[in-house]
Amino acid sequence: MNDKNELYRPGEPERLKKRRSVWLTAVCVIAAGALVLCVLFCLLTGTANAMRMELSAIAVFTLAGWVDIYLLTFRVAALGREEDHARRMLAGERETVRGRTELAARTVRIRKSIAVRTVTVREDGQARRLFVNAARARSLEQALGGGERMCELDVVSGYVAAFKVLP
């Protein structure tokens, strides 16, 4: 019986893909709304209000553009990377590591990848540095209680996939 705390569930990539498509739809709706508003400004433009309509169109497109850039960068792309990572973690070959485990408080964002926290595992005088997805580190952090504890970790390519606190 496997009584380890799994950080990745089999349905996780599909759930992340759905969340990503929802955010992508939101980006498209914002862009389409900005376009509709600008067309409306063009239709309502006359000689008396041309300057105001031009400034309104610029403001709407600028605001919508920055919101879309933010959402594409920090939501859509991040969820895509998270989905790819979850697929690799579920499909990868697991290795078991045992030792005194400590979780670093600092989060590091790997360029064009996910945000991680460092896990240091010490056994027989040797230290091994692993990573855990920062979005999934809460359960490991609670299990360790802010300190060091003896753990058994399942690791895929240097990333923690599951853990069990040993007595």
- Message: I'd like to check L7 versus F163 (side-chain heavy atoms, cut-off strictly below 4.5 Å). Are they in contact?
- Response: yes
- Task: Using atom types as modelled and distance alone, determine if a side-chain donor or acceptor of R98 lies under 3.5 Å from a backbone N or O of E152.
- Result: no
- Message: Side chains of N133 and H85, heavy atoms from C-beta outward: is any pair under 4.5 Å?
- Response: yes
- Message: Between R20 and E14, does any NZ, NE, NH1 or NH2 come within less than 4.0 Å of an OD or OE carboxylate oxygen?
- Response: no
- Are E82 and R136 within salt-bridge range, i.e. N to O under 4.0 Å? yes
- Side-chain heavy-atom pair E12, M89 within 4.5 angstrom cut-off: no
- Message: Around atom CZ of R15, are there more than 12 heavy atoms from other residues, nucleotides or ligands closer than 6.0 Å?
- Response: yes
- Message: Membership question, hydrophobic clusters at under 4.5 Å side-chain separation (ILVMFWY): are I114 and V76 in the same one?
- Response: no
- Message: Test: ring-ring contact (aromatic ring centres under 6.0 Å, His included). Region: residues 97-141. Which pairs qualify, not counting sequence neighbours?
- Response: F131-Y159
- Query: Is R100 paired with E148 through a side-chain N to carboxylate O contact shorter than 4.0 Å?
  - Reply: yes
- Message: Treating S113 as the side-chain partner and I110 as the backbone partner, does any N or O pair qualify as donor plus acceptor under 3.5 Å?
- Response: no
- Query: Is there a donor-acceptor contact under 3.5 Å from the side chain of N49 to the main chain of G46?
  - Reply: yes
- Item | Side-chain donor/acceptor of R149 to backbone N/O of T101, under 3.5 Å | no
